[in-house]
Amino acid sequence: MTQVKQPADCMNKSDIRSAIDSLDEDLLRIFARRQGYVRRMAQLKQSPDEAFDHDRIETMVARLKARAEELGLEGEQAEIVWRSLIDWNVDYERRTIAKRLEDTEQVPAEA
């Protein structure tokens, strides 16, 4: 991760904006890496119905929300971000798995 000034060391808006921009770049890289795992999960699952696991999602969100609060982030903010991310991932997996199954069904059988 990029080294940035601590908030207390920022002396003007430019310092703060620079730090936020740098952290945003780090977040994008982390989200892109995370997406690689989502893509792989979609390759391993056999049915679009597997994309949504209510119990896993609720457990994960509760854990992340509690951890966010331990780190000084508002838990509700973390919950909103992760639910949005999870919703997108579930939709991505469903679409990807359905397309793969559709493409498999369209492959003509060899005689």
Side-chain angles (χ1 to χ4, degrees):
M1 286 181 54
T2 306
Q3 292 294 326
V4 297
K5 288 183 180 183
Q6 293 297 313
D9 296 331
C10 293
M11 296 296 131
N12 54 53
K13 290 186 281 187
S14 179
D15 286 349
I16 294 169
R17 288 178 179 142
S18 177
I20 288 173
D21 290 349
S22 180
L23 291 170
D24 286 347
E25 177 66 23
D26 289 344
L27 287 169
L28 284 172
R29 290 177 190 275
I30 291 168
F31 282 131
R33 182 174 174 207
R34 187 183 191 283
Q35 180 61 26
Y37 292 99
V38 173
R39 282 189 203 100
R40 181 63 178 141
M41 185 67 82
Q43 292 171 347
L44 296 174
K45 291 180 179 178
Q46 300 301 309
S47 166
D49 294 336
E50 290 181 71
F52 182 78
D53 182 341
H54 180 267
D55 293 340
R56 162 81 174 139
I57 292 168
E58 293 308 312
T59 299
M60 188 175 144
V61 168
R63 179 180 50 82
L64 289 165
K65 185 176 179 181
R67 181 64 178 137
E69 290 170 354
E70 290 172 6
L71 294 170
L73 176 65
E74 292 184 24
E76 289 181 19
Q77 181 183 16
E79 181 175 2
I80 289 168
V81 169
W82 259 268
R83 284 197 186 277
S84 178
L85 181 63
I86 291 165
D87 288 348
W88 190 93
N89 290 339
V90 167
D91 184 58
Y92 172 85
E93 286 184 15
R94 283 181 175 153
R95 285 182 287 125
T96 301
I97 296 164
K99 173 114 174 62
R100 184 183 73 233
L101 294 174
E102 180 182 300
D103 291 348
T104 301
E105 290 173 2
Q106 293 179 7
V107 173
E110 293 185 30

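Counting only heavy atoms from C-beta outward, the side chains of Gln35 and Val38 approach each other to under 4.5 Å. In this structure, Lys65 and Trp82 have side chains that are not in contact, with every pair of non-hydrogen atoms separated by 4.5 Å or more. Taking the side chain as every heavy atom from C-beta outward, Arg39 and Tyr92 approach each other to under 4.5 Å. Side-chain contact between Cys10 and Val4 is absent, with no heavy atoms from C-beta onward closer than 4.5 Å. Taking the side chain as every heavy atom from C-beta outward, Leu85 and Arg34 approach each other to under 4.5 Å.
In the hydrophobic cluster analysis, where Ile, Leu, Val, Met, Phe, Trp and Tyr join through side-chain heavy atoms closer than 4.5 angstrom, Ile86 is grouped together with Phe31. When hydrophobic clusters are built by joining Ile, Leu, Val, Met, Phe, Trp and Tyr residues whose side-chain heavy atoms come closer than 4.5 Å, directly or via intermediates, Val90 is grouped together with Met60. At a threshold of 4.5 Å between side-chain heavy atoms, the hydrophobic network of Ile, Leu, Val, Met, Phe, Trp and Tyr places Ile57 and Val81 in one connected group. Note on Leu64 and Phe52: same hydrophobic cluster, where clusters join Ile, Leu, Val, Met, Phe, Trp and Tyr whose side-chain heavy atoms are under 4.5 Å apart, directly or indirectly. Placement of Leu73 and Leu23 in two distinct hydrophobic clusters is found when ILVMFWY residues are connected by side-chain heavy-atom separations under 4.5 Å, directly or transitively.
Remark: Glu76 CD is loosely packed, at most 12 non-hydrogen atoms of other residues, nucleotides or ligands lying under 6.0 Å away. At most 12 heavy atoms of other shown residues, nucleotides or ligands fall within 6.0 angstrom of atom CD in Gln6.
Asp103 pairs in a side chain to side chain donor-acceptor pair (under 3.5 Å) with only one of the listed residues (Arg100, Gln106, Lys99), which is Lys99.
Looking at Arg83, its side chain never comes within 3.5 Å of a backbone N or O of Val61 through a donor-acceptor pair. For the pair Gln46 (side chain) and Leu44 (backbone), a donor-acceptor distance under 3.5 Å is present.
Taking a cutoff of 4.0 Å between a charged side-chain nitrogen and a carboxylate oxygen, Arg29 and Glu25 qualify as a salt bridge.
To the nearest 0.5 Å, atom CG of residue Asp9 and atom CD1 of residue Ile16 are 11.0 Å apart. Separation of atoms NZ (Lys45) and CZ (Arg94) is listed at 9.5 Å; rounding is to 0.5 Å.
Considering all non-hydrogen atoms of both residues, Glu93 and Ala51 come closest at OE1-CA, 3.4 Å. Closest of all the heavy-atom pairs between Arg33 and Tyr37 is O-CD1, 3.3 Å. The shortest non-hydrogen separation linking Ile97 to Ala42 is CG1-O, 3.4 Å.
Evaluation of the salt bridge (Lys or Arg N to Asp or Glu O under 4.0 Å) rule for Asp15 yields Lys5 as partners, not counting sequence neighbours. Among residues two or more places apart in sequence or in another chain, the salt bridge (Lys or Arg N to Asp or Glu O under 4.0 Å) test is passed with Asp21 by none.
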